[in-house]
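Along the sequence shown, residues carry numbers from 1.
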Amino acid sequence: KQEGIYPFRQEMVDAILYTDTIRSLSKDELIQHLGEPDRKNGNYLYYKISSTKMGNWTLHENNLVIKLDSLKDVEWIKLHQ
């Protein structure tokens, strides 16, 4: 994260969404590779990819959402727009 933006996340999205390497990681391993998520909600991890703002208002935001199963392994990964 540099000055509130994530310059490399957009480039990483396809690799994370479409490869099995990330899906085989545990929660701790995932955070070690991707860093702390921007937000957590139960078994869901949210990584902000990009956002469009007008002043302090967020108009549009893209997030990579990772759902963990009960064993804290990756269940699925989706791009939320």
Side-chain angles (χ1 to χ4, degrees):
K1 184 174 181 179
Q2 298 173 349
E3 298 177 15
I5 61 170
Y6 305 92
F8 304 109
R9 286 192 177 174
Q10 186 65 46
E11 297 169 9
M12 296 176 7
V13 169
D14 286 342
I16 293 170
L17 283 172
Y18 302 115
T19 59
D20 291 332
T21 305
I22 294 293
R23 295 173 193 281
S24 66
L25 301 177
S26 68
K27 178 182 178 181
D28 292 336
E29 293 169 327
L30 185 70
I31 291 174
Q32 183 179 8
H33 287 282
L34 299 181
E36 283 293 323
D38 297 297
R39 183 167 60 102
K40 297 178 189 177
N41 185 2
N43 284 344
Y44 295 86
L45 306 177
Y46 297 85
Y47 289 89
K48 186 185 298 182
I49 304 302
S50 64
S51 65
T52 304
K53 292 188 171 203
M54 181 185 295
N56 289 332
W57 296 91
T58 301
L59 301 175
H60 182 75
E61 188 170 272
N62 290 333
N63 289 287
L64 186 69
V65 183
I66 301 172
K67 182 180 182 192
L68 305 173
D69 63 18
S70 60
L71 300 175
K72 301 298 182 196
D73 294 324
V74 175
E75 185 172 326
W76 54 252
I77 302 172
K78 296 181 180 181
L79 185 61
H80 183 264
Q81 299 182 350

Joint cluster assignment, I22 & V65, ILVMFWY side-chain distance < 4.5 Å: no

Non-hydrogen atoms of D69 and N43 that approach each other most closely: O-ND2, 3.9 Å

K78 charged N/C atom sitting above W76 aromatic ring, 6.0 Å / 45°: yes

Residues R39, K48; criterion side-chain contact (heavy atoms from CB on, under 4.5 Å); working and verdict: CA-CA 9 Å; R39 183 167 60 102; K48 186 185 298 182; over 6 Å; no

Distance, nearest 0.5 Å, that separates OH of Y47 from CD of E36: 7.0 Å

Flag, side chain of N62 to backbone of I49, donor-acceptor distance under 3.5 Å: no

Hydrophobic cluster identity match, L79 and M12, side-chain contacts under 4.5 Å: yes

Nearest-0.5 Å distance, CG of residue L45 to CG of residue L68: 4.5 Å

CG-NE2 distance between N63 and H80, expressed to the nearest 0.5 angstrom: 7.5 Å

R23 side-chain N/O to L17 backbone N/O, donor-acceptor pair under 3.5 Å: yes

Gap between atom OG1 of T52 and atom CD of E61 - 0.5 Å precision: 9.5 Å

Give the table of side-chain donor-acceptor pairs shorter than 3.5 Å for residues 24-35, with sequence neighbours excluded, one pair per line with atom names and distance.
| unit_1 | atom_1 | unit_2 | atom_2 | d |
| --- | --- | --- | --- | --- |
| S24 | OG | T21 | O | 2.7 |
| S26 | OG | E29 | N | 3.4 |
| S26 | OG | E29 | OE1 | 3.3 |
| E29 | OE1 | S26 | N | 2.9 |

